[in-house]
Amino acid sequence: MPNEPLSVPARLSLLTWDTGRPATGGTAPRTGLVRAGALVELARRGLLTDVDGIATPVDLDASAGDPVLDGLLDLVRESCPHPWHTWVTLRARVTSDAVREQLVADGYVRAEKRRVLGVFPSVEYALERVVVVETLREETRQVLQEPHEGTGQVPSGPLPAAGVSGRDAAVAVLAAAAHLFGEGPSGHCTRELTERAAEARPELVGIVREVSAAVSERRARSAVTASH
């Protein structure tokens with residue numbers, strides 16, 4: 001993965017952009033996917049935990065030191081208790097927009113002010129660091145690759161789950177749930193990566209599974225809607 005200390009939601013946001021399109025034609029981040037990444041990142045950092053299926057702040061005064069994550073943490077603290085799958089979609093655009101603005105501030109995305117019909121002000125966003133995103137996409141694909149039947153390997157060499165960082169494993173699992181690279185890997189591969197994403201926090205396995213399922217469900221609903 002790129003050397004920059006990108007969080008899980010920031011990486012997922014970048015993965016939703018089409019690097020092959022013109023500079024001003026990037027696709028908007030998928031809000032539920034980015035929110036799912038933020039939930040997992042907070043759980044990875046020990047700031048959110050699972051209590052009987054409810055996403056629960058561990059400490060009312062703790063901070064992630066990241067404005068995007070702290071914004072979501074405050075939202076969870078100030079809201080009625082909700083299960084993880086609800087938080088994947090509940091006011092998800094707030095988190096998605098905050099991640100995008102963070103990427104602008106960090107130089108990954110460029111904000112371009114324009115006027116619609118020459119009158120109404122608007123802002124369009126374009127990738128600034130295309131090479132970083134292309135590298136991120138390729139390395140995420142490699143994490144999700146599986147051995148070809150009968151050979152035990154793929155041409156570029158799959159990365160064994162044990163050799164993948166917890167953060168990269170979480171990104172790969174969520175990207176697969178959203179079908180960012182087409183059909184996802186086998187259940188066995190996903191299970192291995194989910195366990196790797198949990199690293200030293202066993203409770204993360206259930207959290208990653210639940211938010212991934214919510215991302216998959218939302219993608220399926222969107223596909224059905226688009227077909228009608």
Side-chain angles (χ1 to χ4, degrees), residues 1-48 55 57-59 61-79 87-116 120-140 143 165-175 178 180 197 211 215 218:
M1 295 292 179
N3 294 325
E4 292 80 358
L6 290 167
S7 66
V8 172
R11 290 169 183 243
L12 289 168
S13 180
L14 288 174
L15 283 173
T16 65
W17 289 76
D18 183 353
T19 59
R21 299 184 65 179
T24 58
T27 56
R30 301 182 187 184
T31 59
L33 175 61
V34 175
R35 167 60 68 77
L39 291 168
V40 169
E41 186 71 82
L42 284 171
R44 278 175 38 81
R45 298 189 186 197
L47 296 170
L48 277 184
V58 173
D59 188 326
D61 299 317
S63 170
D66 178 302
V68 173
L69 299 176
D70 286 334
L72 175 54
L73 194 56
D74 287 340
L75 181 60
V76 175
R77 286 170 177 153
E78 296 165 1
S79 303
W87 279 117
V88 169
T89 56
L90 183 63
R91 298 180 63 185
R93 184 168 293 279
V94 172
T95 298
S96 180
D97 288 349
V99 169
R100 184 182 60 195
E101 294 308 315
Q102 187 179 64
L103 291 172
V104 170
D106 290 342
Y108 291 92
V109 174
R110 181 174 68 255
E112 301 177 341
K113 294 183 179 180
R114 298 179 178 275
R115 287 189 177 275
V116 178
F120 305 104
S122 67
V123 179
E124 292 185 355
Y125 296 89
L127 280 179
E128 186 70 22
R129 302 180 67 179
V130 174
V131 173
V132 170
V133 178
E134 289 176 341
T135 300
L136 179 61
R137 292 182 67 86
E138 180 57 33
E139 295 188 0
T140 303
V143 171
S165 73
R167 177 170 294 171
D168 292 350
V171 169
V173 169
L174 292 171
L180 290 188
V211 298
V215 169
R218 189 178 193 193

Nearest atoms (heavy-atom pairs only) where [X] meets [Y]:
X	Y	result
V34	S96	CG1-CA, 4.0 Å
L33	L174	CD1-O, 3.5 Å
A36	V215	CB-CG2, 3.6 Å
A169	A197	CB-N, 3.8 Å
A170	V8	CB-CG2, 4.5 Å
L15	A175	CD1-CB, 4.4 Å

Q.
So, applying side chain to side chain contact (heavy atoms under 4.5 Å, CB included) with S63, which one of D70, D74, L73 is it?
A. D70
Distance (rounded to the nearest 0.5 Å) between [X] [atom1] and [Y] [atom2]:
X	Y	atom1	atom2	result
L103	E128	CG	CD	12.0 Å
S79	L90	OG	CG	6.5 Å
T31	D97	OG1	CG	9.0 Å
W17	L180	CH2	CG	14.0 Å
R218	R35	CZ	CZ	9.5 Å
L47	L39	CG	CG	12.0 Å

With distance as the sole test, does [X] use its side chain to make a donor-acceptor pair with the main-chain N or O of [Y] at under 3.5 Å?
X	Y	result
D59	D61	yes
T140	L136	yes
T135	V131	yes

Find out whether [X] and [Y] are in side-chain contact, i.e. whether some heavy atom of one side chain is under 4.5 Å from a heavy atom of the other.
X	Y	result
P57	L48	yes
R167	R11	yes
Y108	L127	no
L69	L42	yes

Q: May I ask you to check whether over 12 heavy atoms, not counting those of R91, lie within 6.0 Å of atom CZ?
A: no
Q.
Any carboxylate oxygen within less than 4.0 angstrom of a Lys/Arg side-chain nitrogen, looking at R44 and E41?
A. yes
Q) In chain order, what residues pass the side chain to side chain contact (heavy atoms under 4.5 Å, CB included) check against A111, with sequence neighbours excluded? A) V104, V123, Y125
Q. Should T16 and R30 be marked as a side-chain hydrogen bond (donor to acceptor under 3.5 Å, both in side chains) after you check the CA-CA gap, both sets of side-chain angles, and the distance that decides it?
A. CA-CA 7 Å; T16 65; R30 301 182 187 184; over 6 Å; no
